[in-house]
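To start, the structure under review is shown below, and the notes come after it.
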Number of protein chains: 2
Amino acid sequence: MKHTFNQKPDYEKELRNAGVRITRPRRIILDILTSTEDHPDAMKIFHRAIEIDDSISLSTVYRTMNLLEEMGAIHRHAFNGGPSRFEQAHGEHHDHLIDVDTGAVIEFKSDKIEKLQEEIAKSLGYDIIHHRLELYGRKIDRSS
Amino acid sequence: MKHTFNQKPDYEKELRNAGVRITRPRRIILDILTSTEDHPDAMKIFHRAIEIDDSISLSTVYRTMNLLEEMGAIHRHAFNGGPSRFEQAHGEHHDHLIDVDTGAVIEFKSDKIEKLQEEIAKSLGYDIIHHRLELYGRKIDRSS
DNA sequence: GACACAGTTGCAAAGATTCTCAACTGGAAT
DNA sequence: ATTCCAGTTGAGAATCTTTGCAACTGTGTC
């Protein structure tokens, strides 16, 4: 169970396969997510969305983010109490190393860890649906 | 891999060492956390707290939970949009396997994974301060 | 294309969490 | 024990997120 390419994913297809309707608001929100480089929060996404269709509601933004998160299509980050910020999950699954000083997010992936996780889950009698691994670290400073 | 066991940690000592004041509200909240078996949310903790001292405010509960979480003394779980629920981290660090159907939380620990994480962080130029590993799984059903 | 129905939406209201700030307090220094 | 001050608190406002519900709309079926 792993995806191995790093192209712009076809979210609409994924959504259909998951038995989820492709609605106008969802299409717009997906466009915003796939065409942005930053990590916007719900309000930011909402503002960008109403420029395209001003009938979209903030609730729908939140609902869509939850939906996409459950599907594994996006990741949610919550820094020091602020609102959640989102980023699209690239085709490939990856974990995160968060710089505790700057909030910077570094993505990484380890097949070894993935494999270990599955072994552990199995030994506890479970199949893994998805997982979240976040390392919080501080840059090694060799100068001081 | 091994399971952790319960042991009542000396939180006050840990707090002092971290340069944090031991206040009356904090002592009460810590008592509640160390003497409970369930995973209460902030409101539940608040209600238990005001039975002991009705001047404690909900803000303080939230602030204390954030403080303890940063210190690694408790863990926060957020199930399907509901309020965050907390549990004390036992003396030993452990990770979590969450049953997506029941919300049950199973604790486990793997030295192998811990070690791998450190290697990865180091190779990215970071020291790990703490981390969070959550597996979301479904019970393997052998009857069907 | 029209129909039906379950999934989805927008809105408003409720719920959860953080923030602001003046008042208060733990604990270090005296 | 008293003083002092940065850290902490309570109260309520502000912010963020979810929810209930009636209206609306994709999508499968004819």
Side-chain angles (χ1 to χ4, degrees), chain A residues 11-32 39-71 73-86 103, chain B residues 11-32 39-71 73-86 103:
Chain A
Y11 285 132
E12 295 201 8
K13 195 170 177 183
E14 283 186 40
L15 286 168
R16 273 181 215 287
N17 290 345
V20 171
R21 283 193 201 160
I22 311 301
T23 62
R24 181 161 165 71
R26 281 178 182 159
R27 213 188 305 265
I28 290 173
I29 291 170
L30 284 173
D31 277 353
I32 291 171
H39 292 182
D41 61 21
M43 191 56 77
K44 208 160 289 176
I45 293 167
F46 172 60
H47 281 132
R48 292 180 194 170
I50 56 179
E51 304 213 338
I52 301 166
D53 176 347
D54 71 335
S55 74
I56 288 175
S57 79
L58 181 55
S59 314
T60 297
V61 173
Y62 276 109
R63 278 189 285 235
T64 303
M65 302 325 281
N66 285 338
L67 176 69
L68 295 176
E69 187 188 19
E70 271 179 43
M71 290 180 44
I74 61 172
H75 294 297
R76 172 195 302 262
H77 300 293
F79 299 118
N80 52 307
S84 293
R85 294 166 54 192
F86 305 93
Chain B
Y11 284 133
E12 295 201 9
K13 194 172 178 181
E14 283 186 39
L15 285 168
R16 272 180 216 287
N17 291 345
V20 171
R21 282 192 201 159
I22 311 300
T23 62
R24 181 161 164 72
R26 282 179 181 160
R27 212 188 306 267
I28 291 172
I29 292 171
L30 284 172
D31 276 352
I32 291 171
H39 293 181
D41 60 21
M43 192 57 77
K44 206 160 290 174
I45 293 168
F46 173 60
H47 281 132
R48 291 180 194 170
I50 55 180
E51 304 213 339
I52 300 166
D53 176 347
D54 71 335
S55 74
I56 288 175
S57 79
L58 182 54
S59 313
T60 296
V61 173
Y62 276 108
R63 278 189 285 236
T64 303
M65 302 325 280
N66 286 338
L67 176 69
L68 295 176
E69 186 188 18
E70 270 180 44
M71 291 181 43
I74 61 172
H75 293 297
R76 171 194 303 262
H77 300 294
F79 300 120
N80 52 306
S84 293
R85 294 166 55 193
F86 305 92

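Chain letters run A, B, ... following the sequence lines, proteins first and then strands; every chain starts at 1.
The salt bridge (Lys or Arg N to Asp or Glu O under 4.0 Å) search around A:Arg21 returns none, not counting sequence neighbours. By the salt bridge (Lys or Arg N to Asp or Glu O under 4.0 Å) test, B:Arg16 is found to be paired with no residue, residues two or more places apart in sequence or in another chain being considered. Applying the side-chain hydrogen bond (donor to acceptor under 3.5 Å, both in side chains) rule to B:Arg48 yields the partners B:Thr36, B:Asp38; only residues at least two apart in sequence or on another chain are considered. Residues satisfying the salt bridge (Lys or Arg N to Asp or Glu O under 4.0 Å) test with A:Arg76, not counting sequence neighbours, are A:Glu69. Judged as a side-chain hydrogen bond (donor to acceptor under 3.5 Å, both in side chains), and not counting sequence neighbours, A:Ser59 has no contacts. Qualifying side chain to side chain contact (heavy atoms under 4.5 Å, CB included) partners for B:Phe46, counting only residues two or more places apart in sequence or in other chains: B:Met43, B:Ile50, B:Leu58, B:Val61. Applying the side-chain hydrogen bond (donor to acceptor under 3.5 Å, both in side chains) criterion to B:His77, with sequence neighbours excluded, gives B:Glu87.
Looking at heavy atoms from C-beta onward, A:Ile22 lies out of side-chain contact with A:Leu30 at the 4.5 angstrom threshold.
Minimum interatomic distance between A:Phe86 and A:Ile74 (heavy atoms only, all atoms of both residues): CD2-CD1, 3.7 Å. The two residues B:Ser84 and B:Asp41 have their closest heavy-atom pair at O-CB, 3.2 Å. The shortest non-hydrogen separation linking B:Pro25 to B:Ile56 is CA-CD1, 4.0 Å.
Between B:Asn66 and C:dT18 there is a side-chain N or O to OP1 or OP2 distance below 4.0 Å.
As a whole-Å value, the separation of A:Tyr62 OH from C:dT9 P is 16 Å. In this structure, the CZ atom of B:Arg85 is 17 Å from the C1' atom of C:dT17, given to the nearest Å. Atom P of nucleotide C:dA13 and atom CG of A:Leu58 are separated by 16 Å, given to the nearest angstrom.
Of all nucleotides in DNA chain D having an atom under 4.0 Å from a heavy atom of chain B, the first and last in 5' to 3' order are D:dA6 to D:dT18.
We find the CD1-CD1 distance between A:Ile29 and A:Ile52 to be 9.5 Å, quoted to the nearest 0.5 Å.
Within the structure, salt bridge (charged side-chain N to carboxylate O under 4.0 Å, His left out) pairs that include any residue of residues 53-68 of chain B comprise B:Arg24-B:Asp53 (at least two apart or interchain).
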Nucleotide by nucleotide, nucleotides 19-30 of chain C touches protein heavy atoms under 4.0 Å in the pattern (B base, S sugar-phosphate only, - none) BB----BBS---

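Rotation axes derived from the C1' atoms of the five outermost pairs at either end of the helix from C:dG1-D:dC30 to C:dT30-D:dA1 lie 50° apart, to the nearest 10°.
Listed by residue number, there are no residues of residues 42-54 of chain A with a heavy-atom contact under 4.0 Å to DNA chain C.
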